[in-house]
Amino acid sequence: MSLADVALVLGALTAGGGITGYVRTGSVPSVAAGVTVGSLYILGGLRLKNNATYGVELALLASILLAGSSIPRAIKSGKPLPIGLSVLATLGLYAFGSAFQGRRV
């Protein structure tokens with residue numbers, strides 16, 4: 001699976017999760033955060049697919065935002081949703097962080 005595909009899948013999962021959170025609980029912060037982070041992943045993935053600049057950086061930014069919001073909640077609550085988001089964020093941090101670091105060497 002290419003980096004572009006990883007970004008697009010993470011974007012769809014994140015945006016879909018935010019929308020689902022809104023539908024189930026009416027949480028406006030869930031839909032706002034999910035769609036925003038998902039959009040960053042998708043934009044990064046599309047830029048990677050088209051060999052445009054800043055694709056990896058956008059996807060890495062989305063991973064940092066997702067990790068920053070989900071990992072503390074996962075540690076505090078131990079609930080499945082924040083833990084799942086933390087796993088997605090960690091996957092993104094590894095994939096896009098490695099790609100970003102590889103370009104800078």
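Hydrogens, waters and symmetry mates play no part in the numbers below; they use all other heavy atoms, side chains included.
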So Ser63 and Tyr41, side-chain hydrogen bond (donor to acceptor under 3.5 Å, both in side chains) or not? Walk me through it.
CA-CA 8 Å; Ser63 297; Tyr41 273 128; 2.8 Å; yes
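Residues Phe100 and Leu40 share a hydrophobic cluster, clusters being chains of Ile/Leu/Val/Met/Phe/Trp/Tyr side chains in contact below 4.5 Å. There is no path of hydrophobic side-chain contacts, each under 4.5 Å, that joins Leu10 to Tyr94. Under the 4.5 Å side-chain heavy-atom criterion for grouping Ile, Leu, Val, Met, Phe, Trp and Tyr, Leu88 is connected to Val37 within one hydrophobic cluster. With hydrophobic clusters built from ILVMFWY side chains whose heavy atoms lie under 4.5 angstrom apart, Leu65 shares a cluster with Leu48. Taken together through direct or relayed side-chain contacts under 4.5 Å among Ile, Leu, Val, Met, Phe, Trp and Tyr, Leu43 and Leu66 form part of one hydrophobic cluster.
Using a 4.5 Å heavy-atom cutoff, the side chains of Leu46 and Leu8 are in contact. Put simply, the side chain of Arg73 does not reach to within 4.5 Å of the side chain of Ile83, judged on heavy atoms. With contacts defined as side-chain heavy-atom distances shorter than 4.5 Å, the pair Tyr22/Ser27 does not qualify. The closest side-chain heavy-atom distance from Ser39 to Val35 is below 4.5 Å.
Remark: Ile64 CD1 to Glu57 CD distance equals 10.5 Å, nearest 0.5 Å. Rounded to the nearest 0.5 Å, atoms CD (Gln101) and CG (Leu60) are 10.5 Å apart.
Closest non-hydrogen pair, Gly44 versus Leu58, comes out as CA-CB, 3.9 Å. Across all their heavy atoms, Ala74 and Ser86 have their closest contact at CB-OG, 3.4 Å. Pairing each heavy atom of Leu3 with each of Ala99, the nearest pair is CD1-CB, 3.4 Å. Listed here is the closest heavy atom pair of Ala4 and Gly45: CB-O, 3.5 Å. Ala67 and Pro72 make their closest contact through O-CD, 3.6 Å (heavy atoms, listed as atom of the first residue, atom of the second, distance).
Arg47 places a side-chain N or O within donor-acceptor distance of the main-chain N or O of Thr53, the cut-off being under 3.5 Å. Between the Thr14 side chain and the Gly11 main chain, no donor and acceptor come within less than 3.5 Å of each other.
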